[in-house]
Amino acid sequence: MINITLPDGSIRQYEAGVTPMDIALSISEGLARNVLSASVNGEVVDATRAIANDAVVRLFTWNDREGKQTFWHSSAHLLAETLEALYPNVKFGIGPPIETGFYYDVDTGDMTLTPADMPKIEEKMLELARNKSAYARRSVSKAEALAYFTEKNDPYKLELINELEDGTITFYQQGNFTDLCKGPHISDTSPIKAAKIMNFAGAYWRGDEKRKMMTRIYAVTFPKQKELTEYLELLEEAKKRDHRKLGAELELFMFSEKVGSGLPIWLPKGTQLRERLQNYLRGEQEKRGYQMVVTPHIGHKLLYETSGHYAKYGADSFQPIKTPREGEEFLLKPMNCPHHCEIFGHKPRSYKELPLRIGEFGTVYRYEQTGELHGLSRVRGFTQDDAHIFCTQDQVKGEFLNVLELTTQVIKKMGFKNFTAQISLRDPNNPDKYIGSDENWNAAEHAIIDATKDVDLETTTAYGEAAFYGPKLDFMIKDALGRSWQLGTIQVDYNLPERFKLEYIGSDNKAHRPVMIHRAPFGSMERFISILIEHTAGKFPLWLTPDQFMILPVSERFNEYAEGIKVELARFDIRGLIDDRNESIGKKIRDTELKRIPFMLIVGDKEVEQNTISVRRQGQGDLGSMTIEGFARFFNEELEKGEE
RNA sequence: GCCAGUGUAGCUCAGUUGGCCAGAGCAGCUGAUUUGUAAUCAGCUGGUCGGGGGUUCGAAUCCCUCCACUGGCUCCA
């Protein structure tokens with residue numbers, strides 16, 4: 001008998017050779033029906049895998065991430081089986097599960113798949129799933145594996161097998177389809193009840209742009225049709241919230257072919273929004289001892305040669321612009337830090353000045369390949385809410401804490417409830433990738449780790465994700481639809497102070513090199529606003545929204561009264577507009593609702609008589625009539641509610 | 001940059017296998033109406049069908065090319 005430890009800590013005894021499925025069955029039949037895979041001592045395996053010795057076992061169902069991954073991985077095999085049945089000449093690459101669903105990279109030869117092929121593939125998949133084919137695992141020798149795929153003439157699989165150790169190779173077979181795969185898989189195809197081919201896309205074989213472009217087939221499957229329907233509805237909702245669509249509808253920003261792609265143009269409403277965000281952050285930074293600066297949009301090429309960015313990115317940047325007579329070369333500013341280093345270095349600095357916190361809403365320009373551009377989230381010109389903190393080594397942790405505190409406050413103020421942070425450290429196996437001494441790195445990494453512990457921030461750690469000049473902390477937020485986005489970063493940098501030969505005079509009257517912290521809570525205004533638009537579906541927080549109310553006179557006779565109301569509300573610092581068009585009240589309400597203006601203030605005979613306004617809340621409806629003072633009070637309560 | 005797709009009025013979309021002056025709704029303008037909680041009515045304006053080139057008696061429709069956009073891939077200081 002062996003001892004099996006379950007997640008609740010209980011230990012049960014079974015015969016050696018018991019499978020996770022057997023264990024599930026011994027707990028309940030329902031669990032056994034739903035179990036998709038399991039982990040044995042941390043390794044995810046088939047639910048039918050025999051367990052020889054004492055083990056810690058977890059059972060995974062559709063409710064577990066691992067369960068879903070197994071389900072989708074098995075679905076990828078089912079997709080491959082389907083493709084092979086429909087298009088016998090297709091060659092297969094890899095087919096892993098992803099966050100939602102899975103894909104399979106295939107080489108379709110001369111044939112091109114089109115969206116018209118999707119329903120056919122979906123139907124065939126479900127037809128094959130109903131065969132209830134078992135996913136059968138077997139170990140094969142390398143020679144056997146090579147022989148099989150040589151016979152099948154599948155060069156991609158052969159390439160993969162050649163990189164594997166003999167003795168570690170396994171095949172999985174379901175129905176007529178056999179694939180190289182380490183598993184695990186679900187027991188058979190029958191739980192796959194709903195399938196949707198999402199799209200066809202190009203993907204380089206093994207992610208290498210020099211190699212063949214394969215066709216990547218994205219798809220998703222579910223155990224219930226209803227779940228597929230819900231998933232498609234979520235996608236619909238995301239489409240409705242798309243910042244490119246809402247940005248155009250709400251007249252926040254625009255693009256113009258003549259101005260150039262990837263260069264957003266901020267319209268008046270969007271500019272109001274953006275400046276309110278900046279004013280808010282500016283205020284918070286002033287409280288924390290930041291000093292704002294303004295630096296030019298271009299900089300001498302020498303500046304970026306000094307910083308090292310020209311060597312690293314020069315070839316993939318907008319090319320230098322030249323002065324007509326002297327032939328001097330300038331670059332469009334791709335980042336603000338070199339300028340800020342010059343500010344630090346322009347006069348002798350004392351340790352008494354540190355930490356020196358230099359902030360700038362700095363607009364930068366970076367060349368991005370045409371295929372990368374995407375609305376406001378990936379552009380060629382954008383404004384960073386940038387700042388650089390120059391400090392002593394001893395101050396790094398304290399400054400890091402200050403920045404953490406500021407950043408978390410900013411994120412909360414914006415209405416994001418869920419956020420985590422990723423600590424990006426050196427790759428311990430690849431120390432040559434980084435510059436700077438071990439001592440400095442250790443100090444910086446510990447400063448980050450300690451600081452995040454101090455503030456009880458939920459973090460993940462990624463080795464090898466550090467910048468070449470220092471470790472960093474990236475903030476990840478979850479939006480209203482549960483999607484994750486990366487916001488700003490905090491980075492510790494020993495490189496630039498070195499390159500710019502920055503120094504301060506310490507209390508020992510000797511020169512020391514400062515440490516630099518780069519940080520941007522929003523990241524870029526453009527990208528942040530794109531996330532905010534989609535998170536709020538265009539219904540911005542009351543303090544931030546461009547227009548807080550729209551006064552709707554029942555007819556043109558009341559436009560003058562409306563004007564008076566607007567002036568009175570301005571005294572309470574409440575801003576808005578009057579819809580004085582010659583339109584029906586129903587029409588005005590509809591238009592204002594669609595503009596996502598939070599309050600509609602309707603005025604007609606009744607209101608003039610009683611000196612009131614009739615208040616309607618966007619998305620909610622009529623709130624009844626109020627006096628101006630009453631509304632102002634109510635408004636401020638709502639403002640505070642949003643602040644908590 | 002690469003793969004696949006899309007591009008018709010400010011917006012959303014129709015335009016049969018290439019064939020008379022390219023259509024609708026919304027928006028805009030003008031007029032009527034003076035309106036009570038999600039679209040009042042009527043009339044009018046507006047497009048060299050993304051740009052350029054080609055095939056054809058004839059091109060929004062077919063071909064080439066460039067541009068922009070969409071979904072991916074690669075990249076992201």
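Chain letters run A, B, ... following the sequence lines, proteins first, then strands; residues in each count from 1.
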Figure out the [atom1]/[atom2] separation between [X] and [N], and round it to whole Å.
X	N	atom1	atom2	value
A/Met550	B/A38	CE	P	16 Å
A/Lys588	B/A38	NZ	P	15 Å
A/Glu251	B/G10	CD	P	14 Å
A/Glu556	B/G31	CD	C1'	13 Å
A/Phe255	B/C67	CZ	P	19 Å
A/Leu623	B/A38	CG	P	13 Å
A/Lys258	B/C69	NZ	C1'	17 Å
A/Leu594	B/C11	CG	C1'	13 Å

[N] versus [M] - spacing of their [atom1] atoms, nearest Å:
N	M	atom1	value
B/U30	B/C20	P	36 Å
B/A42	B/C62	P	38 Å
B/G7	B/G43	C1'	32 Å
B/U17	B/U61	C1'	10 Å
B/U48	B/G53	C1'	16 Å
B/A60	B/G47	C1'	11 Å
B/G51	B/G10	P	12 Å
B/C63	B/A24	P	29 Å

Students often get this wrong, so: under 4.0 angstrom with heavy atoms, is [X] touching a base, only sugar-phosphate, or nothing?
X	value
A/Gly586	sugar-phosphate
A/Leu113	nothing
A/Asp591	nothing
A/Ile602	base
A/Gln618	nothing
A/Glu249	nothing

Handout entry: Identified ring pair (Phe, Tyr, Trp, His ring centres under 6.0 Å) partner of A/Phe390 from the options A/Tyr494, A/Phe344, A/Phe500
Key = A/Phe344

Problem - Pairwise salt bridge (charged side-chain N to carboxylate O under 4.0 Å, His left out) hits with a residue in residues 606-616 of chain A, at least two apart - result: A/Glu593-A/Arg616

Handout entry: Structure string for RNA chain B in dot-bracket form, Watson-Crick and G-U at under 3.5 Å, | interchain
Key = (((((((..((((.....[...)))).(((((.......))))).....(((((..]....))))))))))))....

Check whether any side-chain nitrogen or oxygen of [X] sits under 4.0 Å from OP1 or OP2 of [N], and answer yes or no.
X	N	result
A/Lys595	B/A38	no
A/Thr112	B/A4	no
A/Ser584	B/U40	yes

Practice task
Indicate the atoms forming the closest heavy-atom contact of A/Pro320 with A/Tyr310, along with that distance.
Solution key: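 Answer, listing the atom of A/Pro320 first, then A/Tyr310: CG-OH, 4.3 Å.
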
Practice task
Taking all heavy atoms of A/Arg617 and all of A/Phe599, pick out the closest pair and write down the distance.
Solution key: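 It is CD-CE2, 3.4 Å.
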
Problem - No-H, no-angle donor-acceptor pair, A/Glu607 side chain to B/G36 base, under 3.5 Å - result: yes

Under 3.5 Å, is there a donor-acceptor pair between the [X] and [Y] side chains?
X	Y	result
A/Thr363	A/Thr383	yes
A/Glu498	A/Tyr469	no
A/Glu159	A/Trp205	yes

Problem - Residue mapping more 5' on RNA chain B - nearest nucleotide basis, A/Thr114 or A/Ser261 - result: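 Residue closer to the 5' terminus by nearest nucleotide: A/Thr114.
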
Completion exercise
Closest to the 5' end of RNA chain B, once A/Glu257 and A/Arg590 are matched to their nearest nucleotides, is A/Arg590

Practice task
Ignoring the backbone of A/Lys587, work out which of B/U34, B/C26, B/A68 is nearest its side chain.
Solution key: B/C26

Assess whether a salt bridge exists between [X] and [Y], defined as any Lys/Arg side-chain N lying under 4.0 Å from an Asp/Glu carboxylate O.
X	Y	value
A/Arg206	A/Asp208	no
A/Asp105	A/Arg216	yes
A/Arg241	A/Glu237	yes

Practice task
Take the angle between the ring planes of A/Phe634 and A/Phe631 and call it parallel below 30°, perpendicular above 60°, tilted in between.
Solution key: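 A/Phe634 vs A/Phe631 ring planes: tilted.
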
Practice task
For the residue pair A/His340 and A/His388, categorise the inter-ring angle as parallel (less than 30°), tilted (30 to 60°) or perpendicular (more than 60°).
Solution key: perpendicular

Practice task
Scan nucleotides 72-77 of chain B nucleotide by nucleotide, 5' to 3', and note B when protein non-hydrogen atoms come under 4.0 Å of the base, S if they reach only the sugar-phosphate, - if neither.
Solution key: BBBBBB

